Amino acid sequence: MKVRVLGCSGAIAKDCRTTSFLIDSDILIDAGTGVGDLTLDEMCAVNHVFLTHSHLDHVAALPLMVDAVASQRTEALKIYALAGTIAALKAHIFNNVIWPDFSVIPSTAAPFISFHEIAMGQTICVVGKNIEALPAVHTVPAVGYSVSAGGPCWVFTGDTERNPAFWRRLEQLDVAMLVIETAFSNREKELARRSLHLSPATLASELDLIDEQHKFPIFITHTKPFETELIMGEIAQFDEVLPGGSFPHDIRWLNAGQLFEV
Ligand SMILES: [Zn+2]
Ligand SMILES: [Zn+2]
């Protein structure tokens with residue numbers, strides 16, 4: 001299973017694209033502005049979109065992508081999300097004001113998109129992948145995902161603050177790599193707390209919850225562009241700041257364009 005990072009930034013700027021991952025050629029996890037790096041043919045090949053939540057940085061390119069490729073597709077693009085996320089998309093984006101309601105266009109019998117409600121803890125099986133909705137703690141209904149092609153999982157937290165239920169489930173999974181958000185620096189930890197995101201300080205206490213026997217590479221995502229260097233510096237000091245010294249985790253930086261074989 002291939003995982004291509006299309007976007008992993010917390011905001012936009014030149015070379016900064018917001019959250020989206022392409023699994024093999026036909027599944028998107030989130031549809032942030034990184035989707036704009038796909039060619040028309042690559043966009044046409046996407047049949048399934050799994051959304052973590054309704055925030056714009058995770059859905060911004062979805063309506064534009066549908067418009068770009070719908071006329072070339074023969075089946076509806078399937079969008080999987082929590083009920084609250086689907087309700088938000090219908091009310092605020094595909095509402096015939098911000099964008100056409102492509103769930104009834106060109107006809108209700110054969111629309112360009114279809115919505116598929118998922119529940120926390122549910123596993124959806126599509127094109128040989130098992131995709132499980134994992135707990136997330138955010139300001140709107142939200143999930144993370146684990147994706148497996150039968151072997152070890154690629155795991156993404158989505159947007160979240162401290163999340164003990166997530167770590168409890170992770171202990172039961174065979175994790176190949178974890179992508180975890182750290183949206184703000186410790187300087188902005190109050191903003192992180194209010195907006196239910198992680199900062200390096202809360203990230204450190206979350207990583208403390210990982211069972212010692214579970215070792216996997218951890219990739220940091222969703223940093224705000226103005227704060228990325230600061231966040232990286234604060235995380236680089238983990239080894240010194242954590243009680244007991246020697247930091248046990250393998251932490252790396254995620255970059256748009258990276259391709260992982262999981
Ligand atoms: Zn969010
Ligand atoms: Zn976000």
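Every value quoted in this text rests on a predicted model; they were computed, and no experiment measured them. As the structure lists them, so they are numbered: ligands from 1, and atoms in each ligand from 1.
Here the shortest heavy-atom pairing between Asn163 and Pro135 reads ND2-O, 2.8 Å. The minimum heavy-atom distance between Phe216 and Ala176, with the atom names listed, is CB-O, 4.0 Å.
Protein N/O/S atoms found under 2.8 Å from the Zn ion (ligand 2), listed by chain and residue number: Asp57 OD2, His58 NE2, Asp159 OD2, His222 NE2.
Residues Ser20 and Asp30 bring no donor and acceptor atom of their side chains to less than 3.5 Å of each other. Between the side chains of Asp101 and Ser103, at least one donor N or O sits under 3.5 Å from an acceptor N or O. Side chains of Glu161 and His197: no donor on one and acceptor on the other come within 3.5 Å.
The hydrophobic cluster containing Val35 also contains Leu40, counting ILVMFWY residues as joined when their side-chain heavy atoms lie under 4.5 angstrom apart, directly or transitively.
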